[in-house]
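Each chain gets a letter, A, B and so on, in the order the sequences are listed, and its residues count up from 1.
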Number of protein chains: 2
Amino acid sequence: MPYGCGVTKTSPATDHLRPAGRATRAAIEEAARTLFSTRGFEGASVRAIAAEAGVDPALVIRHFGSKEALFLRTVDTSLGIGSVLEGPVETVGRRLVAYFVDAERPAVRQRFVALAQAAHRDQVREEMVRHTAETYVAPLAPRLTGADRELRAALAVAQLAGLLNLLYVQEDPIITAADPATVVALYGDAIQGLLTPEAAG
Amino acid sequence: MPYGCGVTKTSPATDHLRPAGRATRAAIEEAARTLFSTRGFEGASVRAIAAEAGVDPALVIRHFGSKEALFLRTVDTSLGIGSVLEGPVETVGRRLVAYFVDAERPAVRQRFVALAQAAHRDQVREEMVRHTAETYVAPLAPRLTGADRELRAALAVAQLAGLLNLLYVQEDPIITAADPATVVALYGDAIQGLLTPEAAG
DNA sequence: GGGCTGAGTCAACGGCGTTGACGGTGTGAG
DNA sequence: CTCACACCGTCAACGCCGTTGACTCAGCCC
């Protein structure tokens, strides 16, 4: 479920809005981005987002339909993985892990945690599935060889999601305390073994 | 985060309770088990659990302290993995995956989903971490050879958690539709590669 | 100028987890 | 035997939540 490689969100049809409407809409979106990141999906209430944006809570719903819809429009499911996937397939395992284990990416961590927290909402779950298929499996599978390419790509995503879960959500002490380079080598190769069995170290 | 191999829950100190108290306590626990399983942590309200048990909502809190505490006492974090872990380490990867991919274990799926939904609560998260360390890493690590045994065991848990996440929570269509035997072979070997690199197929 | 549509306000709904004040009731000590 | 006390349960309410509907007001087009 890592969700990387995102396209810029296509805010649909704000043309019919008047300038005032577009401005408050943007204010709400920014407040939502901030609060969803810092407090998570459950911790960020519609009322708090409205207050942060200096706006009536009802207006938030009026503009975006529901908290879930606001979340989906606001928190980018992308975690910025595009460039990592573009490199050589033979070493993508370690590069993926290295990207996420890097401590200098708090925003990525925040977004993943928020996403994991909201995963039980139907629309969010659907978006996550769609995203996995579109930005992970689709670009990866054609570059693999052998049988079950799509399945192997999907299982590699599962591996990655599991690491991020223990690392970001559970904050597992063993993995957290471990030497990042070791984690990259061990887990990266485990992922690599699924993608290119013949090239795995 | 798979949480298996559980000991029977040690309900602490119900001796001081009168028969009536113990009975309604048991009724609440059973109702909670049912509703948490079928509706998840967020979907099962304290009020609904109380109604199912034929009891006042306030009584639920009075007996268990909070919804989160009731959840922890009620939903067994164990997923029944003990026997799987006891077998030979050289093939534990495939056996673990086979256990969870088996469609005939709906209760395990339900419990995992409920757990994942409640993972953002502090006490639940702590319990999950504790459980990972106690029932996965502790029995597994000493039976491994080579460097970083604890870390490798923890990373194997991460792999498993990732699979269950995509399989149970996200219901990823690719993995769901795939031949279970293939998933067992591919993912089982990926886990095995982390545990016993020399024995991996 | 008059209708229409977008923008914003306000009060309220039903639900949530939780609390506190308040009656009964069974048990053990005097 | 009685009386105090801890347990058991009830009830109404608190403050929060996401969401809705009725309403006002301003700007645009015909």
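For the salt bridge (charged side-chain N to carboxylate O under 4.0 Å, His left out) condition, no pair includes a residue of residues 154-163 of chain A, sequence neighbours left out. Applying the side chain to side chain donor-acceptor pair (under 3.5 Å) test to residues at least two apart or on different chains, none of the pairs has a partner in residues 145-162 of chain B. For residues 103-112 of chain B, the pairs satisfying salt bridge (charged side-chain N to carboxylate O under 4.0 Å, His left out) are B/Asp102-B/Arg105, with sequence neighbours left out.
With sequence neighbours excluded, the residues satisfying side chain to side chain donor-acceptor pair (under 3.5 Å) with B/Thr91 are B/Arg95.
Taking atom CD of B/Gln123 as the reference point, atom P of C/dG17 lies 15 Å away to the nearest angstrom. Protein atom CG of B/Leu35 is 11 Å distant from nucleotide atom P of C/dG17, rounded to whole Å. When the C1' atom of C/dC22 is taken as reference, atom CG of B/Leu59 falls 15 Å away, rounded to whole Å. Rounded to whole Å, the distance from CD1 on B/Ile28 to P on D/dC8 is 11 Å. In this structure, A/Leu70 atom CG and D/dC17 atom P are separated by 15 Å, rounded to whole Å. Atom CZ of A/Arg25 is separated from atom C1' of C/dG8 by 15 Å (rounded to the nearest Å).
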Contact list (N/O, under 3.5 angstrom) for nucleotides 19-25 of chain D vs protein:
| residue | atom | partner | partner atom | Å |
| --- | --- | --- | --- | --- |
| D/dT19 | OP2 | A/Lys67 | N | 2.7 |
| D/dA22 | N6 | A/Arg62 | NH2 | 3.2 |

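Phosphate contact (OP1/OP2 of D/dG9, side-chain N/O of B/His63, threshold under 4.0 Å): present.
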Report, one line per pair, each donor and acceptor closer than 3.5 Å where one atom sits in a side chain of residues 42-52 of chain A; sequence neighbours left out.
| residue | atom | partner | partner atom | Å |
| --- | --- | --- | --- | --- |
| A/Glu42 | OE2 | A/His120 | NE2 | 3.0 |
| A/Ser45 | OG | A/Ala48 | N | 3.0 |

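Checking B/Thr34 against B/Glu30 by side-chain atom types alone, no donor-acceptor pair falls below 3.5 Å.
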